[in-house]
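Notes to accompany the following structure.
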Amino acid sequence: MDRKFLFVLPLLLLCLCDGYAQKYDRLIDKTVAIVGNSMITLSQVETEAQMMQFSGGYAPDRNLRCVVLENMMASKLFYTQAILDSLAVNTDMVEAMLDDRVNNIMGQLGGEAETEKYFGKPLYKLRQEWREMLTEQSLVQDMQRKVASSASEVTPREVESLYRKTPKDSLPIIPEQYQISQIALYPDRERANLEVRERLLEFRERILAGEKFSVLATIYSEDPGSAMRGGELGMMPRSSFWPAFSDAAMQLKDGQVSPVVETPDGFHLIQMIRRDRDMFNVRHILLKPRYTSDDRDSAFIRLDSIRNAVLADSISFYDAAIRYSQDVITRTNGGLVANPYTGASLFEKDQLKPVDYNVLKDMKVGEISRPFESTDNEGRNGNTLYKIIRLDKIIPSHTATFENDFNVLLDIAKNQKSFREIEEFIKEKQEATYIVIDPMFQKCDFQREGWIK
């Protein structure tokens, strides 16, 4: 072997080790805590701290690492018990969570190389570490649910006791809530969709004839965020897009242009820029169906006729919704609109579409609005529809009461009971488990007592 190489190799290793040591306060790696039979290393604390900074914007200080270490030690207590109780791991769910994490991080950082640079490790190593962490996390969460399972058995008497013991000024304030019903009609989608397709096909022919995709995207695309970049979306995982969009993009080679693709957002032309495994960077032109004043006028005339019939008691609003409304979801409930955030029939102001709230804010209970244009819940911005709404109920803002807001108080009681069960478990296991913490973390201001023995 070349003597020069023998001389250079130790220097190279020394430099590599020194650079790595600087990252961990001049320590290659070490065990910083032992919880039962489990060890927590400094590199694990650092990796999790990086993840917290990445996802939550935490400041990179020593306090963050104290928080990370305490969370990891608490998790080890649940993990140890999960192993003793022989809880099974759902490996398919772990792999799905791993893929989501990797795709999300690579999407935000801009690809595999940038991800490896940020974390200072190759992607295969990161996947291995995150798989182990997510496997343990899955068991920990299952064990926590098992420990807190008694919280699901909260009785009405316990809820009432919580309500009686809680000072009135500490009870939650329930905002003003609205219950509405609607009758909705859609415009002539077939005609509008055909016009959009024909226009995008014209753009495609112009691109294939030599015009730049980016120029047309800047001028015509109705996606304002990407239009200013010539339609470019940036390197993103395929899971970030609607399946139809991703499927079409994944079939393209660099520079190729897709046929017209329909998603809930509208219609697209897609041009592949670069693909890396399940990630890609594409340009797109988005066009949405446009409806004419004739579409609007026709729907308004019909809705006015339905409204007049209801006001004349010729038909009930409930029956009119079942018979005439084209919104399948609300039609089956006689027009009653469900809150997509809660599944209940009550909406807070901020949970309503602005255009809907602007109409009902001046209405009285029982009144039926004039026809107006709104959107449904499909796609990111919804599809155009025309409707009339009836204001069924207004519940004024108030302090929660046992009689009227039982479900709100029930959730609070369950959360409090779950928290107590989990904290009691941690305290009990702290006392019965062998725990050692490295001196470099013994001055941490931990949230719970019992870690330092």
Side-chain angles (χ1 to χ4, degrees), residues 17 19-84 87 89 94 97-98 101 104-105 115 118-121 125-148 418-453:
C17 290
Y20 192 77
Q22 289 178 10
K23 186 176 180 180
Y24 298 112
D25 297 326
R26 295 200 168 274
L27 293 170
I28 300 300
D29 201 2
K30 64 179 294 185
T31 299
V32 293
I34 298 175
V35 181
N37 295 324
S38 299
M39 295 186 301
I40 300 173
T41 65
L42 183 58
S43 62
Q44 291 172 328
V45 173
E46 287 294 329
T47 298
E48 187 60 21
Q50 280 185 304
M51 277 301 303
M52 291 179 71
Q53 292 169 36
F54 174 79
S55 59
Y58 291 86
D61 57 18
R62 186 177 178 82
N63 291 334
L64 171 59
R65 283 147 183 81
C66 291
V67 172
V68 169
L69 180 61
E70 182 171 16
N71 289 341
M72 295 177 79
M73 290 191 296
S75 293
K76 291 297 184 184
L77 297 176
F78 287 99
Y79 176 69
T80 299
Q81 191 62 46
I83 298 300
L84 291 173
L87 298 187
V89 178
V94 169
M97 291 168 60
L98 176 62
R101 169 176 281 210
N104 179 54
I105 291 173
T115 300
Y118 178 85
F119 289 99
K121 297 178 183 179
K125 183 66 175 177
L126 289 171
R127 289 185 68 94
Q128 178 183 342
E129 291 179 358
W130 290 340
R131 181 181 290 107
E132 293 173 358
M133 184 272 292
L134 291 171
T135 298
E136 182 172 323
Q137 186 181 93
S138 176
L139 287 172
V140 168
Q141 290 172 349
D142 287 345
M143 192 66 229
Q144 287 177 337
R145 281 191 286 268
K146 184 177 179 180
V147 169
S418 294
F419 179 79
R420 286 196 302 270
E421 296 286 349
I422 287 174
E423 290 302 311
E424 288 173 7
F425 175 90
I426 292 174
K427 184 176 181 180
E428 176 187 335
K429 295 302 178 182
Q430 279 178 324
E431 296 173 355
T433 304
Y434 176 73
I435 300 174
V436 178
I437 299 176
D438 188 271
M440 70 185 297
F441 282 97
Q442 286 190 3
K443 291 185 179 180
C444 283
D445 183 18
F446 292 125
Q447 181 181 355
R448 305 174 184 89
E449 297 180 356
W451 295 119
I452 308 294
K453 299 186 178 180

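For the numbers below, each heavy atom of this structure counts, side chains included, while hydrogens, waters and symmetry mates do not. Since we're looking at a predicted model, the values are computed, not measured. One-based numbering along the sequence shown.
Under the 4.5 Å side-chain criterion, counting only non-hydrogen atoms from C-beta, I105 is in contact with M51. K146 has its side chain out of reach of Q81: every pair of non-hydrogen atoms, C-beta onward, lies at least 4.5 Å apart. Between V32 and V45, some side-chain heavy-atom pair lies under the 4.5 Å cut-off. Side-chain atoms of R127 and L98, non-hydrogen and from C-beta on, do get closer than 4.5 Å to each other.
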Practice item. Quick one: do W130 and F119 satisfy ring-ring contact (aromatic ring centres under 6.0 Å, His included)? Show the steps, please. Key: CA-CA 12 Å; W130 290 340; F119 289 99; 5.3 Å; yes

Check your understanding: Under the side chain to side chain contact (heavy atoms under 4.5 Å, CB included) criterion, do E129 and Q44 qualify, and how do the steps go?
Key -> CA-CA 9 Å; E129 291 179 358; Q44 291 172 328; over 6 Å; no

Review point. Given T47 and M133, is the side chain to side chain contact (heavy atoms under 4.5 Å, CB included) satisfied, shown in steps?
Key: CA-CA 11 Å; T47 298; M133 184 272 292; over 6 Å; no

Exercise for review: Tell me, with the steps shown, if F446 and I452 meet side chain to side chain contact (heavy atoms under 4.5 Å, CB included).
Suggested key: CA-CA 9 Å; F446 292 125; I452 308 294; 4.1 Å; yes

Practice item. Report the C-alpha distance between I83 and L139 in whole Å, list the side-chain angles of each, state the deciding distance to 0.1 Å, and finish with yes or no for side chain to side chain contact (heavy atoms under 4.5 Å, CB included). Key: CA-CA 8 Å; I83 298 300; L139 287 172; 4.1 Å; yes

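In this structure, Q53 contributes its side chain and L64 its backbone to no donor-acceptor pair below 3.5 Å. Checking side-chain atoms of D29 against main-chain N and O of S43 turns up a donor-acceptor pair under 3.5 Å. Side-chain N or O atoms of Q137 include none that pairs as donor or acceptor with a backbone N or O of S75 at under 3.5 Å. Judged by distance alone, the side chain of E421 and the main-chain N or O of S418 form no donor-acceptor pair under 3.5 Å. Q144 places no side-chain N or O within 3.5 Å of a backbone atom of I422 that could act as its donor or acceptor partner. With E70 contributing its side chain and R448 its backbone, the two residues share a donor-acceptor pair below 3.5 Å.
If you take CD1 on I40 and CG on L69, they are separated by 5.5 Å, rounding to the nearest 0.5 Å. Considering CD1 of I34 and CG of D438, their distance stands at 9.5 Å, rounded to 0.5 Å. The structure places CG of L77 at 5.5 Å from CD1 of I435, a figure rounded to the nearest 0.5 Å. Distance check, rounded to the nearest 0.5 Å: CG of N71 to CD of Q447 gives 8.0 Å. A distance of 7.5 Å separates SG of C444 from CG of N63, quoted to the nearest 0.5 Å. Taken to the nearest 0.5 Å, the OG1 atom of T433 stands 9.5 Å off from the CD atom of E431.
Among all heavy-atom pairs drawn from V94 and R131, the shortest one is CG1-O, 4.1 Å. Considering every non-hydrogen atom in both Y79 and S38, the closest pair reads CD2-OG, 4.3 Å. Closest approach of A74 and I426 over heavy atoms only: CB-CD1, 4.1 Å. Closest of all the heavy-atom pairs between Q430 and G450 is NE2-C, 3.8 Å. The shortest heavy-atom contact between K121 and L126 is O-CD1, 3.9 Å.
When the salt bridge (Lys or Arg N to Asp or Glu O under 4.0 Å) test is applied to E136, the partners found at least two apart in sequence or on another chain are K76.
By the 30° and 60° cut-offs, the orientation of the rings of F425 relative to F78 is parallel.
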